[in-house]
Amino acid sequence: MYGAIQSRWRAVNAKVRARAQQIMSVRVRFAPSPTGHVHIGNIRAAIFNWLFARHEGGRFLLRIEDTDRERSTPEACQTLLEAMAWLGLDYDEPPVYQSTRREAHLAAAEELLARGYAYREDKGGTGRGECIVFRMPSTSIEFDDLVKGSLKKPASDLHDFVIVRSDGTPVFHLANVVDDIAMGITHVIRGDDHVENTFRHIALFRALGAPVPKYAHLPMIVNRQGRPYSKRDGAAYVGEFRERGILADALFNYLALLGWSPGDGRELLSRRELIELFTLERVQTSPAQFDMDKLLWMNAQYMRALPPAERLAGHMKDLNAHGLAPDPEYLLRVLEVMQDRIKLFSQTTEQTIYFFTEDYPVDEDAWARRWRRPGVPAAVAQLRERWMSTPFQGAPLEATLKEVAAAAGRPPADLIHAVRLAVSGTPTGPGLYAMLEVLGRERTLARLDRALARARAEGYE
RNA sequence: GACCCCAUCGUCCAGUGGUCAGGACACCAGGUUUUCAUCCUGGAAACACGGGUUCGACUCCCGUUGGGGUCGCCA
């Protein structure tokens, strides 16, 4: 008997909890205005919203605030959507285009008017006609910011503001709040630059009879001078990072760590781990300076962890973009000897050009430095003759070089560097013998012949 | 100017009254290597300043200084 009551109570209780859960379920949104490029500060806000939603098992929504018809072109929206997709910021409901919600915004304004929360006015007698002004309450407004703590504004600092322009279009504040209500937003996670707006927004929520969401204001991403990071400070838009060959996962990981950390020192975090660890409580209160060096380092970590096929594709793409289309098998061998030397896909061609064409740049200073040494050209000439019949593999090539060097009474390094410059044009790169193996005998000998001829022409011997 | 926010190595973060103030990037040195990159080892490097509170402050409070944000019929 008692057990039955208890189990029934448990069932009811579970139902109540489930219902409460449904009502309270987290709903956040990213609400950018499409401008044709997506700033890292904005996308970082999107990332935090996304992580929060995923961590809480809530929903992440997208609202495109395209009411500024000047900038909000279809292309700009497309850029935004592409950036989201590239970073894997998937949203749980179809995007809401704010420009389609004008009627709702104006209806809300009418309601505020009807209920005395707003009034019509020809502000300052500008002759522009009547606009609708929201009447701020005569009491102070206070709220608990999830990252900044308690924030308060006395009534004396709160001023009435326009919610519908004299041309009949709704202003940002009105549209933003009306849409947040319609979308059932429970948490507003946005940039620091919105804190002042929050007091107005809270007043609007109340006047509209809607529950006020929780707020979390993120510190800004700044430049070396502590000012908001802009395109003048380097890559600032998502598209630029993508073009430079930065991996989406690396950028995501790096941005997640700008203003937040799990607290245990871990930095290389998978998406899964980020979701699991993310909490607003651990969000930093002070601004963070963007550090490209660290992003580059992180990108290198992600690159080497990439599945081989994806790595190959990434490098191939850059080569293709430069008009090169090497055989995948051959490219694979090149990458094998290049090891961790390429840190960005976008630098592939630049660093491996000599593997694919005879038209590669030569570091003139290094070339002269290596070839002008007396006896070097002659020794290389001998080496070239020996290599005609040496099995073209690392060990024998190395043995031969050392023999020739010894016979010429020179350290092997002298020949190694001279040969390196001759066959690759650059003083840096993979181990010489591995490089020669990939290049093959024919190309190697031809390049040595050219170098020898050049040395002769320049009077080196 | 008014209102608000912020303040630990060069940078990003740990640190929530008692620590030799820790990690990462960058930097420097050494090792590995023919070079470069990687990798390994080591090093230099910070609590803005001044008052309190306390037996004891990087940690709490106040002020100063410095930086930033907001003050639109932009979003």
Side-chain angles (χ1 to χ4, degrees), chain A residues 31-35 42 65-68 70-72 98 121-124 126 128-133 145 147-149 151-154 156-159 161-176 190-200 217 219-222 224-228 254 257-268 282 284-298 300-301 304 338-343 351 366 370 398 401-402 405 411-421 424 426-433 435:
Chain A
S33 67
T35 58
N42 284 115
E65 306 208 329
D66 56 347
T67 51
D68 182 344
E70 290 280 302
R71 295 181 297 180
S72 301
Q98 192 163 64
E121 184 185 87
D122 184 353
K123 235 185 163 192
T126 54
R128 274 194 276 183
E130 282 189 336
C131 59
I132 301 178
V133 181
D145 191 280
V147 344
K148 304 177 93 70
L151 263 19
K152 187 176 181 179
K153 208 89 168 174
S156 57
D157 288 338
L158 269 17
H159 307 293
F161 58 97
V162 174
I163 52 177
V164 177
R165 301 184 186 88
S166 42
D167 66 0
T169 59
V171 168
F172 162 72
H173 304 293
L174 210 223
N176 192 268
R190 52 167 34 161
D192 234 352
D193 48 336
H194 279 294
V195 287
E196 305 291 328
N197 291 333
T198 305
F199 297 98
R200 296 172 170 185
H217 286 97
M220 319 221 78
I221 293 179
V222 301
R224 271 182 230 297
Q225 287 73 240
R227 306 209 67 239
Y254 177 73
L257 255 31
L258 258 198
W260 175 85
S261 79
D264 59 8
R266 282 188 291 168
E267 302 203 294
L268 258 12
R282 293 203 62 85
Q284 199 75 8
T285 53
S286 51
Q289 192 172 308
F290 184 82
D291 182 2
M292 188 55 128
D293 281 336
K294 187 149 185 176
L295 205 212
L296 254 18
W297 166 79
M298 194 167 273
Q301 305 303 308
R304 67 171 75 168
M338 284 304 285
Q339 303 264 8
D340 292 323
R341 274 167 259 256
I342 307 174
K343 292 185 175 157
Q351 282 182 260
R370 290 304 179 179
E398 178 171 3
L401 183 143
K402 283 182 172 161
D414 275 8
L415 291 186
I416 288 171
H417 293 302
V419 172
R420 174 187 293 288
L421 262 312
S424 75
T426 163
T428 69
L432 180 67
Y433 309 112
M435 184 166 97

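Letters A, B, ... are given to chains in the order of the sequence lines, protein chains preceding strands, and every chain is numbered from 1.
- On the P atoms, B:C60 is 25 Å away from B:C3, given to the nearest whole Å.
- Counting only heavy atoms from C-beta on, A:P228 has its side chain closest to B:G68 among B:A75, B:G68, B:U38.
- Annotation: B:C55 and B:U70 have their C1' atoms spaced 45 Å apart (nearest Å).
- Minimum heavy-atom separation, A:G259 to A:A288: N-CB, 4.4 Å.
- Contact between the side-chain N/O atoms of A:R165 and the OP1/OP2 oxygens of B:A75 is found at a separation under 4.0 Å.
- Here, B:U38 and B:A24 have their P atoms 16 Å apart, quoted to the whole Å.
- Residue A:L158 contributes atom CG, which lies 12 Å from atom C1' of B:C71 at whole-angstrom precision.
- Remark: A:K402 engages A:E398 in a side chain to side chain donor-acceptor pair (under 3.5 Å) (not counting sequence neighbours).
- The side chain of A:S166 contributes no N or O atom lying less than 4.0 Å from OP1 or OP2 of B:C73.
- Atom P of nucleotide B:C13 and atom CE of A:M298 are separated by 12 Å, given to the nearest angstrom.
- Rounded to whole Å, the P atom of B:U19 lies 22 Å from the corresponding atom of B:A7.
- Counting to the nearest Å, the C1' atom of B:G68 and the CD atom of A:Q289 are 13 Å from each other.
- Using a 4.0 Å heavy-atom criterion, one finds that A:H159 contacts no nucleic acid atom at all.
- Rounded to the nearest Å, the gap between the P atom of B:A37 and that of B:G31 is 15 Å.
- Close to B:C36, at under 4.0 Å from its OP1 or OP2, lies no side-chain N or O of A:R341.
- Base pairing of B:A48 is made with B:U64, judged by Watson-Crick or G-U wobble geometry with both donor-acceptor distances under 3.5 Å.
- Going from atom CD1 of A:I163 over to atom P of B:C74 covers 14 Å, rounded to whole Å.
- For the atom pair CD of A:Q289 and CZ of A:R227, the computed distance is 13.5 Å after rounding to the nearest 0.5 Å.
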Reading 5' to 3' through nucleotides 26-33 of chain B, protein heavy-atom contacts under 4.0 Å coded B for base, S for sugar-phosphate only, - for none: --------
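- Using a 4.5 Å heavy-atom threshold, the side chains of A:E267 and A:L257 count as touching.
- Atom C1' of nucleotide B:C71 and atom CZ of A:R200 are separated by 8 Å, given to the nearest angstrom.
- Of the P atoms belonging to B:G18 and B:C61, the separation is 16 Å, rounded to the nearest Å.
- Comparing B:C36, B:C12, B:G69 by their closest approach to the side chain of A:A288 singles out B:C12.
- The shortest distance between side-chain heavy atoms of A:D157 and A:F199 does not fall below 4.5 Å.
- Pairing for B:C25 is with B:G10, a Watson-Crick or G-U wobble pair whose two hydrogen-bonding atom distances lie under 3.5 Å.
- Between A:R304 and B:C39 there is a side-chain polar atom (N or O) within less than 4.0 angstrom of OP1 or OP2.
- Atom OH of A:Y254 and atom C1' of B:U11 are 8 Å apart (whole Å).
- With A:I132 as the partner, the side-chain contact (heavy atoms from CB on, under 4.5 Å) test is satisfied by one option alone out of A:V171, A:L174, A:I163: A:I163.
- When every heavy atom of A:T198 is checked against every heavy atom of A:H217, the shortest pair comes out as OG1-CE1, 2.9 Å.
- The residue A:H194 sits close to a base: some heavy atom pair falls under 4.0 Å.
- Each of A:H417 and A:I342 was assigned the nucleotide of RNA chain B with the nearest heavy atom; the assignment lying further toward the 5' end belongs to A:H417.
- Here A:E267 lies in heavy-atom contact (under 4.0 Å) with a base.
- A:R227 has a side-chain polar atom (N or O) that falls below the 4.0 Å cut-off from OP1 or OP2 of B:G69.
- Rounded to whole angstrom, the span from the NE2 atom of A:H173 across to the C1' atom of B:C73 amounts to 11 Å.
- Spacing of C1' atoms, B:C28 relative to B:A44, comes out at 7 Å, to the nearest Å.
- Here B:A75 sits opposite no nucleotide as a Watson-Crick or G-U wobble pair (both hydrogen-bonding atom distances under 3.5 Å).
- A:G431 comes within 4.0 angstrom of a nucleotide base, judged by non-hydrogen atoms across all strands.
- Minimum atom distance to the side chain of A:R282 is reached by B:G15, of the listed B:C12, B:A75, B:G15.
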Base versus backbone protein contacts along nucleotides 2-9 of chain B [heavy-atom cut-off under 4.0 Å; B, S, -]: -SSSSS--
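- Here CG of A:D291 is found 12.0 Å from CD1 of A:I221. Values are rounded to the nearest 0.5 Å.
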side-chain hydrogen bond (donor to acceptor under 3.5 Å, both in side chains) between A:R420 and A:S424, intermediate numbers included: CA-CA 6 Å; A:R420 174 187 293 288; A:S424 75; 5.1 Å; no
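- Judged by Watson-Crick or G-U wobble contacts below 3.5 Å, the nucleotide B:A2 has B:U70 as its partner.
- Taking every heavy atom of both residues into account, A:K148 and A:V195 meet most closely at CD-CG1, 4.0 Å.
- Here the side chain of A:R420 is nearest to one of B:U34, B:G69, B:C74, namely B:U34.
- Ion pairing between A:D264 and A:R266 holds under the 4.0 Å rule for side-chain N and carboxylate O.
- Using a 4.0 Å heavy-atom criterion, one finds that A:N197 contacts the bases of the nucleic acid, with or without backbone contacts as well.
- The residue A:G429 sits close to a base: some heavy atom pair falls under 4.0 Å.
- Distance alone, capped at 3.5 Å, places no donor-acceptor pair between the A:R282 side chain and the A:W260 backbone.
- Going from atom CH2 of A:W297 over to atom OH of A:Y254 covers 11.0 Å, rounded to the nearest 0.5 Å.
- Look at the P atom in both B:U16 and B:U53: the space between them is 25 Å, to the nearest Å.
- Along RNA chain B, the nucleotide closest to A:E398 and the one closest to A:S33 are compared, and the more 5′ of them pairs with A:E398.
- Residue contacts for A:L258: at a heavy-atom cut-off of 4.0 Å it reaches the sugar-phosphate backbone alone, with no base atom in range.
- The distance from atom CG of A:D167 to atom P of B:G72 is 18 Å, rounded to the nearest whole Å.
- With both pairing distances under 3.5 Å, B:C58 is matched to nothing as a Watson-Crick or G-U wobble pair.
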